[in-house]
Amino acid sequence: MKSVKRDTTISIAKGIAIILMVIAHAEAPGWLCKFIFEFHMPLFFMTAGYFFSLKYLNDEATFIKKRIKGLYWPFWKWSVFFLIIHNWMFDLGVLNEVYGNEMGGVTHPYSWHAIQQNLWNITTAMGGYDQFLCGAFWFFRGLFVASILYLIIYKAVDAGLSRLAGFCRIPGFSGFSGFSGFSGLSGRVITPYLICLIMLLLCGWKTYEGLKVVNLVQGGYRDMMGCFFFGCGFIFRQMVDKYQQFISRYYASVWTTLLFAVIVYFFSYYLTANMNWRSNFTQFLSLPLPALLGFLMTYNISRWIDSHDNCLKRFLVYTGDHTLNIFIFHIVAYKTVSLLKIWYYGLDPRQIGCHMVIHEHSQEDLFWILYTIAGVGLPLAATWLSERGRSKFREYKASAASQPQ
């Protein structure tokens, strides 16, 4: 039987997105950071939604178990690890109470009570992580909540449409199990769009009135917008074949990609927005369009790269398949370049404690390139060595087991 070739376009898109995240966190030139922030985090939610399957509507337990294994467990494990070593990082000089984030905020050693409280926050709320070593960990909670929320709302909306169809005596509509017809449209078409509309309306209400979801860390904006973008990814999956046909011609792909890039840049320059948890109503209104167009721009580029079997494709696929490791360790990896920058400029050694990178000269030099190489390359190198080691160990065990006693 001939094996089905894996479509690696989405892996490449994730690889591009994680590299863009590392570039932005490395304090690249301001115009580039603003451009990246318009779409790189929504892109992750959309690529996750792309793989959502309707089979989980009748198998919720399996979906939630996968979310726990793939998001909650790595979050908890590494948050607790960095919690344990937090005070040790002060002893080593990696953290200090003099240098901190760009706004002047610093971190402090934890008391025994603070350690216990953070452990409770990590376990019960997916918060309490070390902000200066795990600054990107909000994404774990955001995607965990967004994906489960999407499943819940999908079931609720679909059930509501089914009851409405029965109440109105509309024949042929049977909910998610049949999708046979609802006023000329299938349930599969209606429900995803309704969910995205609901989430947009809720986020608009939330930001307009300055409301907070009190039982979600940071107020819930990222989680709710994440649910919207997750749903957009699922919708895109339903129309991806038609979209690919549209951009299959070379010029269509090139010109649409350039057009999307120009629009995203326009928004980044005049109507800057991102998935900041403190976003106001104007920033909320400014986010969806450039985020969606940034996704399509990245998808177009990824599809072109996927059509060429070369080192760039293989690197981006591997990177996209290991984005969580880069999320977890890129800030720590930055410290190696900070040591070099301290030596190069003769800076106070305690500046290694800057979050995420050393801010001095950051808009004047090209150290952001070295930070990017380290932030991506070191976690990937460690991952590759770990995989190789485990593979060799399994081969050794298999060889030993096959030896005659």
Side-chain angles (χ1 to χ4, degrees), residues 7-25 28-51 139 192-193 196-197 199-200 203 222 225-276 279 282-308 312-313 316-317 319-320 323 372:
D7 181 2
T8 52
T9 303
I10 296 298
S11 290
I12 293 171
K14 289 170 60 181
I16 293 173
I18 198 68
I19 293 171
L20 292 177
M21 182 205 74
V22 175
I23 291 173
H25 287 174
W31 66 269
L32 179 57
C33 289
K34 289 181 179 179
F35 179 80
I36 291 171
F37 281 133
E38 289 288 337
F39 66 92
H40 80 292
M41 292 312 299
L43 195 154
F44 283 111
F45 288 94
M46 282 186 269
T47 55
Y50 183 89
F51 292 107
F139 172 75
Y193 285 96
C196 287
L197 177 61
M199 295 314 300
L200 273 183
C203 287
R222 284 169 160 170
M225 283 303 295
C227 186
F228 165 74
F229 289 121
F230 188 93
C232 290
F234 178 72
I235 291 172
F236 179 74
R237 178 64 180 271
Q238 315 310 310
M239 61 178 61
V240 67
D241 291 336
K242 292 182 179 179
Y243 181 76
Q244 288 178 354
Q245 291 174 9
F246 170 71
I247 64 170
S248 60
R249 293 177 296 177
Y250 174 77
Y251 290 109
S253 177
V254 170
W255 287 111
T256 54
T257 303
L258 289 175
L259 176 63
F260 296 157
V262 169
I263 295 174
V264 173
Y265 180 78
F266 175 88
F267 271 87
S268 70
Y269 190 84
Y270 293 103
L271 294 167
T272 304
N274 54 56
M275 286 191 72
N276 192 311
S279 293
T282 301
Q283 291 169 328
F284 155 73
L285 292 176
S286 303
L287 179 61
L289 180 60
L292 295 174
L293 295 183
F295 169 81
L296 294 177
M297 174 190 70
T298 307
Y299 182 84
N300 290 355
I301 296 171
S302 302
R303 191 165 181 268
W304 179 82
I305 293 173
D306 190 52
S307 66
H308 299 77
L312 176 61
K313 173 184 174 178
L316 289 175
V317 169
T319 302
T323 54
T372 300

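Since this is a predicted model, take the numbers as computed values, not measurements.
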| note | Scanning both residues in full, the closest heavy-atom pair of C33 with A28 reads SG-O, 3.3 Å

| Does some side-chain heavy atom of I16 sit less than 4.5 Å from a side-chain heavy atom of I305? | yes

| field | Least distance between heavy atoms, S253 atom then N300 atom | value | O-ND2, 4.0 Å

| Would a 4.5 Å heavy-atom cut-off, applied to side chains only, mark I247 and W304 as touching? | no

| message | Is the shortest side-chain heavy-atom distance between F284 and M225 below 4.5 Å? | response | yes

| Do you know the tightest heavy-atom contact between I36 and I23? | CD1-CG2, 3.8 Å

| query | Does any N or O in the side chain of E38 come within less than 3.5 Å of the main-chain N or O of L287, such that one atom is a donor and the other an acceptor? | reply | no

| query | Tell me, do P42 and F45 make a side-chain contact under 4.5 Å, heavy atoms counted? | reply | no

| Using 30° and 60° as the class limits, which term best fits the ring planes of H25 and H40: parallel, tilted or perpendicular? | perpendicular

| note | Residues S279 and N274: closest non-hydrogen pair is OG-O, 3.4 Å

| message | Please check this pair: side chain of S302 against backbone of A13, looking for a donor-acceptor N/O pair closer than 3.5 Å. | response | yes

| said: Within the structure provided, determine whether T47 and F295 are in side-chain contact (heavy-atom separation under 4.5 Å). | reply: yes

| task | Could you tell me whether the side chains of D306 and T8 share a donor-acceptor contact shorter than 3.5 Å? | result | yes

| said: If we check ring-ring contact (aromatic ring centres under 6.0 Å, His included) with F44, which of these qualifies: F139, F39, Y50? | reply: F139

| query | Does some side-chain heavy atom of T256 sit less than 4.5 Å from a side-chain heavy atom of L296? | reply | no

| field | Student check: side-chain heavy atoms of F230 and M199 closer than 4.5 Å | value | no

| field | Minimum heavy-atom distance between F228 and C196, given as atom pair plus value | value | CD1-O, 3.5 Å

| task | Kindly say whether the aromatic ring centers of F236 and Y299 come within a distance under 6.0 Å. | result | yes

| message | Testing the basics here: between I12 and V317, what is the closest heavy-atom pair and its distance to 0.1 Å? | response | CG1-CG2, 3.6 Å

| request: Please tell me if the side chains of T298 and F260 come closer than 4.5 Å, counting only heavy atoms from C-beta onward. | output: no

